[in-house]
Amino acid sequence: MMRIKADSDLCVGSGQCVLTEPAVFDQGDDGIVALLTDHPDDQSAAQARHAVTLCPSRALSILQE
Amino acid sequence: MTKSVAGELAGLKLPIERGCPFAPPTAYERLREQAPINKVRLTSGGEAWWMSGHEEGRAVLADPRFSSDKRKDGFPLFTLDAATLQQLRSQPPLMLGMDGAEHSAARRPVIGEFTVRRLAALRPRIQDIVDHFIDDMLAADERPVDLVQTLSLPVPSLVICELLGVPYTDHDFFQSRTTMMVRRTSLEDRQRAFAELRAYIDDLVTRKESEPGDDLFSRQIARQRQKGTLDHAGLVSLAFLLLTAGHETTANMISLGVVGLLSHPEQLALVKADPGRTPMAVEELLRYFAIADGVTSRVATEDVKIGGVSIKAGEGVIVSTLSANWDPAAFKDPAELDVERGARHHIAFGFGPHQCLGQNLARMELQIVFDTLFRRIPTLRLAAPAEDLPFKTDAVIYGVHELPVTW
């Protein structure tokens, strides 16, 4: 199963992840990424993977599939 | 193998004149066919690495070993005369020119203002603004009308004014100064425009420090006061950046987007048939025009290997966002405007920690404008052939000076 990691120190608040898969990614009031789940279900996995490639500051990574 | 093409592009000057207003300069394609990374000579003297490839460009922009500080030796400047350099070195740096921890400290306090959720709350107000200016357009006695003046410029100007707490009555003043700063006018003109705008913003921030309102700058001031770190110069730099970057760019994308869609009626028909396609169409238009080409330049602070090429500390790198957005390795048939492409991975807003702070605001404005304009004026058409429009070949940010339309 896919596992996502978000590094809040690297995050620059571009919101690309939230636009791509709002079922997995959210932003706090401070703009920093917040994971709604670190195990995206099958429905969200492809979009979550896309979000990882779009993240401009490489704050997102896939730990395991 | 990377071939040096210094000589072929001797005197590289951005923006390079385009042959066709809808396509990158043909020199870009020649360079890319040789290699994703080439060395080019600049008119200002010296050489720089020219990044044509999408993957290579993203790698540079996300890599902390490349600096955004224009004041550093080796940074690829296009007008490297002594006066410009001196002016550059005497100015406090904008967020765009900061690196690492300094950049992060400047950007972090502001990103909360641009979250997807906060921007969604602005949607109804932006819709009102767009409707208001389209009402005015429809009430115009004469046609054609210039879409730049009636819609493209006023919408983002009013939106950024409201967000920042800048009186909209001053828009003529700051628009004319911003335009002069990004046009390749004389150095004196640019310096005067810069100084006048900076003085205006300094005064505005001073007023907000004593009479706060409900706006972004007032919130930043309150936040800094709370921490006991009121930094007037830093606030002025931030205000300068947000105000100047916040309207001219979006205005150009509105105009070019309308030209692009009206020139590709089959693509426009797809958007009109289903507004659900608009967000994707916006991404494609952003990819296709990449209006801020060359703004994303860097200088290496240590030796780096990118795409098999060794870049040495102190060497300049120009990431061409336009070339990257037309890289066939990343976008199949890049010369085709295809609103259903799925072009989210374009780098029109840059990449890395400096990626445009206002990108999601720009996206929302573009979506609302295109949806509303073509719904309310379905017979909208260009009043001059697209290729005869006055394209901004004389400015750092691409666009059109005028856009006559009728219906």
Side-chain angles (χ1 to χ4, degrees), chain A, chain B residues 54-55 57-64 68 95 98 100-101 103-121 216 219 223 279-280 282-283 286 296 319 321 330 342-364 367:
Chain A
M1 194 182 193
M2 181 191 231
R3 195 174 152 223
I4 299 251
K5 188 182 161 235
D7 186 332
S8 55
D9 287 338
L10 287 178
C11 178
V12 294
S14 76
Q16 296 314 290
C17 53
V18 186
L19 282 183
T20 308
E21 187 42 280
V24 175
F25 305 100
D26 196 4
Q27 282 170 292
D29 288 342
D30 58 0
I32 301 297
V33 60
L35 289 180
L36 298 173
T37 171
D38 61 357
H39 287 95
D41 60 22
D42 291 347
Q43 254 188 335
S44 296
Q47 282 300 92
R49 203 172 292 119
H50 188 39
V52 173
T53 67
L54 292 178
C55 176
S57 60
R58 311 253 156 104
L60 300 178
S61 45
I62 297 171
L63 290 185
Q64 64 190 70
E65 291 268 2
Chain B
H54 180 261
E55 193 188 330
R58 286 192 1 151
V60 167
L61 296 176
D63 192 323
S68 294
M95 201 188 292
M98 297 175 180
H103 171 251
S104 181
R107 180 170 170 130
R108 283 225 159 193
V110 199
I111 57 180
E113 296 279 350
F114 294 92
T115 63
V116 172
R117 195 177 300 128
R118 272 196 89 118
L119 293 175
L216 190 152
R219 286 190 289 274
R223 188 190 173 104
M280 218 189 262
V282 166
E283 300 305 326
L286 288 163
T296 44
V319 177
T321 51
R344 279 283 305 284
H345 56 301
H346 68 74
I347 58 167
F349 289 118
F351 196 69
H354 286 277
Q355 194 181 54
C356 177
L357 183 64
Q359 60 177 307
N360 296 325
L361 178 59
R363 285 189 165 96
M364 191 163 66
Q367 289 168 16

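Letters go in sequence order (proteins before strands), and every chain restarts at 1.
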Inset, instruction - Please work out which of the three classes, parallel, tilted or perpendicular, describes the rings of B:H354 and B:H103, given edges at 30° and 60°. - result: tilted

Inset, instruction - State, to 0.1 Å, how close A:M2 and A:I62 come at their nearest heavy-atom pair, and which atoms those are. - result: CE-CD1, 3.7 Å

Inset, instruction - Just grab all the salt bridge (Lys or Arg N to Asp or Glu O under 4.0 Å) pairs involving residues 18-31 of chain A, residues at least two apart or on different chains. - result: A:D26-B:R117

Which donor-acceptor pairs under 3.5 Å do side chains of residues 11-20 of chain A form with protein atoms, sequence neighbours excluded?
from: A:S14; atom 1: OG; to: A:Q16; atom 2: N; distance (Å): 3.4
from: A:Q16; atom 1: OE1; to: B:R344; atom 2: NH2; distance (Å): 3.3
from: A:Q16; atom 1: NE2; to: A:S14; atom 2: O; distance (Å): 3.1
from: A:Q16; atom 1: NE2; to: B:Q359; atom 2: OE1; distance (Å): 3.1
from: A:Q16; atom 1: NE2; to: B:N360; atom 2: OD1; distance (Å): 3.4
from: A:T20; atom 1: OG1; to: A:Q16; atom 2: O; distance (Å): 2.6
from: A:T20; atom 1: OG1; to: B:R344; atom 2: NH1; distance (Å): 3.4
from: A:T20; atom 1: OG1; to: B:R344; atom 2: NH2; distance (Å): 2.9

Legend entry - Among the listed options B:C356, B:A62, B:G352, the residue most often paired with chain A at heavy-atom distances under 4.5 Å: B:G352

Inset, instruction - Against chain A, work out which of B:R363, B:E113, B:H345 has the most heavy-atom pairs shorter than 4.5 Å and name it. - result: B:R363

Legend entry - Heavy-atom contact with chain A under 4.5 Å, split by part of B:R118: neither

Legend entry - Option that, when pairs with chain B are counted at under 4.5 Å, heavy atom only, ranks first among A:A59, A:P22, A:P56: A:P56

